[in-house]
Amino acid sequence: MKKILITGALGQIGSELTLELRNKYGKENVVATDIRKPEDSIVVNNGIFEILDVTDANRMKELVETYKVDTLIHLAALLSAVAEEKPQLAWNLNMGGLLNALEIAREFDLKFFTPSSIGAFGPETPKDQTPQLTIQRPTTMYGVTKVSGELLGDYYHHKFGVDTRSVRFPGLISYETLPGGGTTDYAVDIYYEALRHKSYTSFIGKGTYMDMMYMPDAVELIIQLMEAPSEQLTQRNAYNVSAMSVSPEDFEKAIQKHIPEFILEYDVDPVRQGIADSWPNAIDTSVAQREWNFSPSYNLEKMTDDMLTQLNKKGISENIKSGTNQQ
Ligand code: AKB
């Protein structure tokens with residue numbers, strides 16, 4: 001990876017990955033792109049930033065040529081809950097953007113990363129220790145686009161020799177950028193609300209287990225996978241990755257160790273609960289461990305400790321006292 005272009009750089013993953021890549025590979029070697037350009041964003045202001053709508057193949061190609069890019073990290077996509085509200089838009093954006101990106105990776109011989117998700121599994125998939133290779137019959141449009149994306153990754157690798165790499169991300173938890181429109185978003189909201197109000201009403205029901213990961217591990221693993229020798233990688237569609245399998249009451253207990261008064265209540269959203277019920281409880285990550293040494297460092301306790309510390313530093317709890325809200 002010498003010159004990297006990132007799409008969706010202002011999203012939940014992109015905003016942290018971009019900064020880490022700039023640190024590691026040099027500001028002049030990372031081109032961040034997104035469909036919007038907010039003036040107060042650190043991603044926009046501390047390095048190269050270009051506007052890019054990923055459905056515009058000509059503009060994507062122009063940027064790849066202008067900056068002499070050798071690696072494309074394609075993150076722009078709609079998440080599960082919003083994709084379920086707008087399935088046609090989700091198909092057009094998730095698949096249209098991906099196909100443009102893969103075509104450009106083929107034409108310019110780029111190394112390529114795009115994330116898949118635990119959303120690529122469905123109700124017929126084994127729920128526990130979900131294998132790397134298993135039934136993938138998702139019942140959401142998000143899942144349909146993720147399975148199609150995985151198949152395209154395989155296809156472009158085998159047919160055209162593109163160096164495609166991907167992982168099936170679980171719910172990602174971070175204190176920097178909020179996720180937008182996902183089923184696992186409750187796992188981020190719960191920390192903000194614990195600090196603001198010492199209570200949270202979960203839209204995901206008690207006893208619902210889903211895989212999760214703290215963002216520093218997610219950023220690290222993308223770099224690790226992209227740096228892994230090509231010949232070691234057997235799964236060009238996407239690797240299972242996860243750091244923990246967690247239910248709302250597990251978060252409750254972990255937060256109560258820091259904020260004993262914290263109360264968790266439930267007001268289940270049937271749409272997002274339906275999506276969560278169709279996903280695995282806990283996936284098996286042994287193939288990623290074996291092939292490129294995937295090894296996350298944050299468990300629930302360590303993540304909770306860091307999340308609350310970092311959010312406190314951002315002044316989230318002080319906002320309760322002052323009555324202002326900077327989020
Ligand atoms: C979502 O909830 O849609 C995402 C995901 C698991 O892919 N966080």
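Numbering of ligands and ligand atoms starts at 1, following listing order. Start at 1 with the first residue, then count along the sequence.
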Dump all N/O pairs between ligand 1 and the protein below 3.5 Å as a table: atom names plus distance, one pair per row.
unit_1, atom_1, unit_2, atom_2, d
ligand 1, 2 (O), S80, OG, 3.4
ligand 1, 2 (O), T183, N, 2.7
ligand 1, 2 (O), T184, N, 3.1
ligand 1, 2 (O), T184, OG1, 3.3
ligand 1, 3 (O), S80, N, 3.0
ligand 1, 3 (O), S80, OG, 2.5
ligand 1, 7 (O), S117, OG, 2.7
ligand 1, 7 (O), Y142, OH, 2.6
ligand 1, 8 (N), T184, OG1, 2.9

Handout entry: Charged N-O contact under 4.0 Å between R59 and E50
Key =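 Yes, R59 and E50 are salt-bridged.
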Exercise for the section: State whether R165 and D163 are salt-bridged, where the test is any N-O pair (Lys NZ or Arg NE/NH1/NH2 against Asp/Glu carboxylate O) under 4.0 Å. Expected result: yes
Exercise for the section: Would you verify whether the NZ or CZ of K159 falls within 45 degrees of the ring axis of Y155 while also being under 6.0 Å from that six-membered ring's centre? Expected result: no
Practice task
Apply ring pair (Phe, Tyr, Trp, His ring centres under 6.0 Å) to the pair F251 and Y200, showing each step before the final yes or no.
Solution key: CA-CA 11 Å; F251 283 109; Y200 178 64; 9.5 Å; no
Practice task
Fit a plane to each ring of Y142 and W279, take the angle between them on a 0 to 90° scale, and name the class: parallel (under 30°), tilted (30 to 60°) or perpendicular (over 60°).
Solution key: tilted
Exercise for the section: Would you kindly say whether S297 and Y214 are connected by a side-chain donor-acceptor distance under 3.5 Å? Expected result: no
